A.B. asks: 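The structure that follows is given in the form of structure tokens.
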Amino acid sequence: MDKREIKSIIEALLFTWGDPLSLEDIASIIEIDKNKVKEIIDSMIDEFNYQRRGIQIIQMNNKYQLSTRPEHYDWIKKLCSPKKNKSLSNAALETLSIIAYKQPITKAEIESIRGVKCDKALSTIIEKNLVKEVGRLEKTGRPILYGTTDEFLKYFGLKSLNDLPQIDKLSDHENNTA
Amino acid sequence: MDKREIKSIIEALLFTWGDPLSLEDIASIIEIDKNKVKEIIDSMIDEFNYQRRGIQIIQMNNKYQLSTRPEHYDWIKKLCSPKKNKSLSNAALETLSIIAYKQPITKAEIESIRGVKCDKALSTIIEKNLVKEVGRLEKTGRPILYGTTDEFLKYFGLKSLNDLPQIDKLSDHENNTA
Amino acid sequence: MKYNVILETFEGPFDLLYHLIEKEEVDIYDIPIAKIADQYIEYIEQMKDLDLDITSEFLVMASHLLEIKSKMLLPKKEPEGEQLELEEVDPRQDLINKLIEYKKYKEAASKLKSKEKVHSKVFFKPQEELDNFLEKDEPVLEGVKLWDLIDAFNKVISKNKKNGKKVNIKEIKRDEITIEESIENLKSIMKRKRKVKFSELFNNNMSISTIVVTFLSILELIKNKFIIVIQKKNFDEIIIKINKT
């Protein structure tokens with residue numbers, strides 16, 4: 001099977017599946033080494049961008065999904081009215097960013113950073129599947145630990161957690177130990 | 001707007017719409033003469049074929065739709081193989097869940113919630129005796145109303161439909177344990 | 001100090017404090033506590049006047065600020081006879097650490113917000129119908145838990161419904177029922193009843209467009225030879241029968 005054909009099949013799989021599809025699944029279907037598949041998809045992503053295709057391949061951790069491009073939003077809006085997805089409140093965004101950078105983290109820790117309760121914000125972002133329970137802290141009360149989901153990456157267009165905006169490293173250690 | 005950009009937008013429109021989209025609709029969205037659009041789509045069809053893309057543009061009368069290629073059938077089938085699809089497909093499960101919570105409900109209502117057609121999914125779950133016709137809506141066309149069967153209750157170990165977990169209580173539950 | 005625009009709502013005490021520090025353009029590492037504490041309290045008073053909801057966290061912070069302020073005013077006691085070489089801890093230090101930590105995430109949140117804005121502008125496509133690939137006799141519910149069902153429901157109702165409805169480009173009212181749906185309805189009625197009176201298929205509540213659609217479906221089914229239409233004589237009731245061929 002030549003590379004062109006593999007790309008073609010991958011495009012067909014992503015198109016059919018619609019939802020995020022994992023590298024493992026793709027590799028096992030076309031029976032090709034995972035790393036090789038990753039390499040091919042990476043080059044597909046570049047090609048789609050270079051050729052200014054109407055669709056793009058987005059990546060979240062090791063999952064891939066087809067989507068339209070943000071710059072075509074106004075055109076597509078003329079075709080169908082997107083159900084207005086309310087954007088996140090500041091409280092939800094703050095809570096989410098704390099979880100994103102400090103995960104896994106308990107609710108108490110989040111609240112101590114924010115200085116306020118965050119039950120409501122937390123339940124909003126759990127409901128939106130941006131955050132999930134990732135375990136329990138092995139101490140009194142076994143509090144829930146929260147972490148972000150793949151949906152979180154997708155929501156903000158991040159390939160992985162490494163893609164998170166850099167925040168000031170300066171304050172992190174120096175001051176905590178002060 | 002250059003040709004490349006128009007093609008890009010058309011691809012995005014077809015991708016988003018999913019169903020057959022008419023030449024007229026496309027032309028009116030991108031505000032370009034119908035004949036010109038037709039010419040562009042014709043050349044897109046050729047390009048997709050020439051480049052051996054994973055998806056193709058199919059044409060029926062004056063409507064266009066994206067689809068996979070017949071020669072990739074076996075690969076796509078593997079995507080839905082028992083491993084991946086041991087149980088109900090996403091579509092069927094979603095349809096089932098809507099019926100469970102919103103019954104009695106018509107097909108049109110289910111489709112408006114899911115945003116996509118559900119004929120196949122519906123016939124699957126009817127065939128598996130999880131859902132049945134429970135009556136007719138007394139309005140135009142007397143559409144069929146669907147509801148879940150005893151088999152459905154039995155499978156999920158529910159005594160009655162009242163036993164179905166309340167949806168809006170779910171998130172509370174998650175957070176109360178936090 | 002008067003605040004003209006104070007309707008801004010704050011996420012919490014840190015948010016408010018941070019706002020004051022920014023507004024006064026003071027060094028976050030060397031906060032003039034007396035000044036900031038006064039402003040903070042003044043702010044809270046105004047929030048009260050405006051009947052804004054002041055959560056206890058704001059009040060706790062107010063008393064904390066006052067405590068720091070008073071500590072800083074106190075002359076440092078030098079315990080006689082004891083030569084403590086311990087470095088004097090700045091009473092503000094803990095607060096400053098927390099503020100800086102908070103600032104980090106506040107900034108990150110605003111960066112995420114701009115990403116959100118861009119990426120909420122993409123559309124996805126729904127999964128293709130994959131049931132074609134299911135084997136007929138496969139046990140379908142194997143491994144499906146009640147929670148899977150609920151998850152599926154939650155997913156579907158929270159999904160960004162881009163295909164939900166099409167903006168009618170030409171401002172034509174969309175049919176209440178499509179021909180396809182109408183044909184399906186008719187087919188199932190015919191399968192059940194085998195034979196119906198033409199008039200039974202219509203009623204007074206039908207809109208014009210539905211009547212037309214229903215009529216078109218009948219024509220379509222006649223064309224497909226799914227049904228046959230019989231009228232014994234003029235003005236007699238038209239009978240529609242399922243075509244057994």
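Predicted, not measured: the structure shown is a model, and the values here were computed from it. First the proteins, then the strands, lettered A, B, ... as listed; each starts at 1.
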A.B. asks: Looking at chain B, which one of A/Gln51, A/Glu71, A/Arg69 has the largest number of heavy-atom pairs inside 4.5 Å, strictly under?
C.D. replies: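 Ranked by contacts with chain B, first place is A/Gln51.
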A.B. asks: Is A/Asp2 close to chain B through its backbone or its side chain, or both, or neither, when contacts mean heavy atoms under 4.5 Å?
C.D. replies: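 Contact with chain B is through the side chain of A/Asp2 alone.
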A.B. asks: Which answer fits B/Glu31, side chain, backbone, both or neither, if we ask what part of it has an atom under 4.5 Å from a heavy atom of chain A?
C.D. replies: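 Only the side chain of B/Glu31 comes within 4.5 Å of chain A.
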A.B. asks: Please state whether the side chain, the backbone, both or neither of A/Ser67 comes within less than 4.5 Å of a heavy atom of chain B.
C.D. replies: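 Contact with chain B is through the backbone of A/Ser67 alone.
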A.B. asks: With only heavy atoms counted, which part of B/Ile30 is less than 4.5 Å from chain A, the side chain, the backbone, both or neither?
C.D. replies: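 The answer is both parts of B/Ile30.
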A.B. asks: Under a plain distance cut-off of 3.5 Å, with no hydrogens placed, do A/Thr148 and A/Gln103 share a side-chain donor-acceptor pair?
C.D. replies: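 Yes, because at least one side-chain N or O of A/Gln103 sits under 3.5 Å from a partner of the opposite role on A/Thr148.
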A.B. asks: When you measure from the side chain of B/Asp25 to the backbone N and O of B/Leu21, does any donor-acceptor pair fall under 3.5 Å?
C.D. replies: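 Not at all, since once roles are kept as given, no pair shorter than 3.5 Å links the two residues.
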A.B. asks: Can a salt bridge be assigned to the pair A/Asp42 and A/Lys38 using a cut-off of 4.0 Å between side-chain N and carboxylate O?
C.D. replies: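 Between A/Lys38 and A/Asp42 there is a salt bridge, with a charged N closer than 4.0 Å to a carboxylate O.
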A.B. asks: Should B/Asp119 and B/Lys107 be marked as a salt bridge (Lys or Arg N to Asp or Glu O under 4.0 Å) after you check the CA-CA gap, both sets of side-chain angles, and the distance that decides it?
C.D. replies: CA-CA 8 Å; B/Asp119 305 71; B/Lys107 184 161 79 77; 3.1 Å; yes
A.B. asks: Is chain B contacted by the side chain of A/Ile10, its backbone, both, or neither, given a heavy-atom distance below 4.5 Å?
C.D. replies: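 When you check distances to chain B, no heavy atom of A/Ile10 falls under 4.5 Å.
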A.B. asks: Under a 3.5 Å distance rule, please check whether B/Arg53 uses its side chain to pair with a backbone N or O of B/Glu47 as donor and acceptor.
C.D. replies: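 Flag not set: sc B/Arg53 to bb B/Glu47 has no pair under 3.5 Å.
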A.B. asks: Consider only side-chain N and O atoms of A/Ser8 and A/Glu5, and report whether a donor and an acceptor are under 3.5 Å apart.
C.D. replies: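 Not at all, the side chains of A/Ser8 and A/Glu5 share no donor-acceptor pair under 3.5 Å.
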A.B. asks: Hey, which of A/Ala12, A/Ala108, A/Gly141 has the most heavy atom pairs under 4.5 Å with chain B?
C.D. replies: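 Ranked by heavy-atom pairs under 4.5 Å with chain B, first place is A/Ala12.
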A.B. asks: Under 4.5 Å heavy-atom distance to chain B, tell me which part of A/Leu66 shows up: side chain, backbone, both or neither.
C.D. replies: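 It is both, since atoms from each part get that close.
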